[in-house]
Amino acid sequence: MSDLLHIEVSPLGNHSISRSISKEFLAVFTEKNPGAVIVTRDLAEDSIPHLDGETINAGYTPEASRSASMLAKHEFRTTLVEEVNNAKHILISTPMWNFAVPSVLKAWIDQIMMPGATKVTGKVTVIVSQGGSYAEGAPRAGWDWQTGYLKQVFSSIGATDIEIILSEFGLAGVVPAMADFVEHKSASIAAAKSAAKERAAA
Ligand SMILES: Cc1cc2nc3c(=O)[nH]c(=O)nc-3n(C[C@H](O)[C@H](O)[C@H](O)COP(=O)(O)O)c2cc1C
């Protein structure tokens with residue numbers, strides 16, 4: 001078992017808002033759980049291969065009949081599934097890209113969703129950084145295909161304790177049209193950091 005499976009997504013390194021929030025989570029988590037076993041997958045550094053035909057077909061092919069390539073791909077997929085199944089807590093930290101999850105995260109999801117084999121038994125925390133706001137009343141309310149999707153993915157594989165920690169207006173101060181939202185951005189990041197620390201301490 002691991003105490004935490006940590007999936008990091010943003011390629012923006014020290015400039016990343018989602019990473020700055022997960023950093024706060026990790027600081028509290030490691031303080032509260034000295035010696036915690038943490039498995040980290042930084043998808044910006046080591047991307048996960050897309051699920052291809054060989055990987056899918058390996059699941060339907062008896063082991064003895066699998067090619068060497070199928071065996072290797074199936075073994076890697078199984079490792080990812082086991083990381084999910086064996087985690088007491090899963091932490092995902094991701095930006096919103098094009099109203100959804102970045103493709104590196106989608107590739108990880110496609111690999112871990114192995115029918116009948118994937119089962120989450122622990123907590124799931126999802127830290128999301130969005131450039132705008134999709135809250136009720138916003139001009140683009142209803143355009144968020146990310147947070148509901150992530151919740152559905154994890155509940156479909158058994159998670160019952162899922163918390164989404166959302167930070168909005170990330171593009172304020174970056175895109176001129178959003179200059180009026182700079183204060184909303186700071187407040188939203190601060191609130192997300194507090195929520196992350198609280199969740200890590202729970
Ligand atoms: C390729 C790309 C696509 C993006 N698409 C969206 C989008 O559809 N909606 C949105 O609100 N922000 C979008 N953004 C802005 C990011 O979600 C925002 O800047 C966020 O704070 C980035 O998180 P990070 O700093 O952790 O990488 C996009 C940014 C990039 C680079």
Side-chain angles (χ1 to χ4, degrees), residues 4-30 38-51 80 83-84 87 89-112 123-154 162-200:
L4 187 71
L5 170 62
H6 171 204
I7 308 294
E8 203 62 64
V9 176
S10 174
L12 298 185
N14 289 336
H15 300 288
S16 157
I17 294 173
S18 53
R19 282 178 188 262
S20 75
I21 300 165
S22 60
K23 208 170 161 184
E24 303 279 333
F25 177 103
L26 287 167
V28 173
F29 190 88
T30 48
I38 301 181
V39 174
T40 304
R41 288 218 173 251
D42 191 329
L43 307 185
E45 283 185 7
D46 290 306
S47 59
I48 301 289
H50 284 128
L51 198 60
L80 296 177
E83 285 174 1
V84 168
H89 197 144
I90 300 171
L91 170 67
I92 314 276
S93 163
T94 181
M96 170 187 264
W97 277 10
N98 300 310
F99 314 110
V101 295
S103 59
V104 291
L105 179 55
K106 183 61 166 62
W108 178 81
I109 291 170
D110 289 340
Q111 291 278 6
I112 60 129
K123 294 180 184 183
V124 177
T125 303
V126 182
I127 291 169
V128 169
S129 176
Q130 299 181 343
S133 171
Y134 300 87
E136 227 181 297
R140 291 184 168 184
W143 290 34
D144 173 1
W145 296 100
Q146 178 185 34
T147 52
Y149 166 71
L150 287 167
K151 213 167 183 177
Q152 184 163 349
V153 162
F154 286 104
I162 306 169
E163 183 170 334
I164 308 273
I165 296 173
L166 178 61
S167 165
E168 300 176 303
F169 302 107
L171 288 174
V174 179
V175 170
M178 288 188 62
D180 289 349
F181 296 98
V182 171
E183 277 177 26
H184 290 73
K185 174 181 178 175
S186 325
S188 187
I189 293 172
K193 285 182 175 172
S194 298
K197 287 194 268 193
E198 207 174 296
R199 177 72 165 169

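Keep in mind the model is a prediction, meaning the values are calculated, not measured. Numbering starts at 1 and runs along the sequence shown. Start at 1 and go down the list; that is how both ligands and their atoms are numbered.
Aromatic ring centres of Trp145 and Phe99: separated by at least 6.0 Å. Ring-centre distance between His6 and Phe29: not below the 6.0 Å cut-off.
Under the 4.5 Å side-chain criterion, counting only non-hydrogen atoms from C-beta, Glu8 is not in contact with Glu45. The shortest distance between side-chain heavy atoms of Ile127 and Ile92 does not fall below 4.5 Å.
A donor and an acceptor atom, one from each side chain of Arg19 and Ser10, are nowhere located under 3.5 Å apart.
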N/O contact list for ligand 1, threshold under 3.5 Å:
unit_1, atom_1, unit_2, atom_2, d
ligand 1, 5 (N), Asn98, N, 2.8
ligand 1, 8 (O), Asn98, N, 3.0
ligand 1, 8 (O), Phe99, N, 2.8
ligand 1, 9 (N), Tyr134, OH, 2.7
ligand 1, 11 (O), Gly131, N, 3.0
ligand 1, 11 (O), Gly132, N, 2.9
ligand 1, 11 (O), Tyr134, OH, 2.8
ligand 1, 12 (N), Gly131, N, 3.1
ligand 1, 14 (N), Met96, O, 3.4
ligand 1, 17 (O), Met96, O, 2.7
ligand 1, 17 (O), Ser129, O, 3.4
ligand 1, 17 (O), Gly131, N, 3.3
ligand 1, 21 (O), Ser129, OG, 2.6
ligand 1, 23 (O), Ser129, OG, 3.4
ligand 1, 25 (O), Ile17, N, 2.8
ligand 1, 26 (O), Ser16, OG, 2.7
ligand 1, 26 (O), Ile17, N, 3.3
ligand 1, 26 (O), Ser18, N, 2.8
ligand 1, 26 (O), Ser18, OG, 2.5
ligand 1, 27 (O), Ser10, OG, 2.6

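Classification of Glu163 and Lys123 as a salt-bridged pair fails, no side-chain N sitting under 4.0 Å from a carboxylate O.
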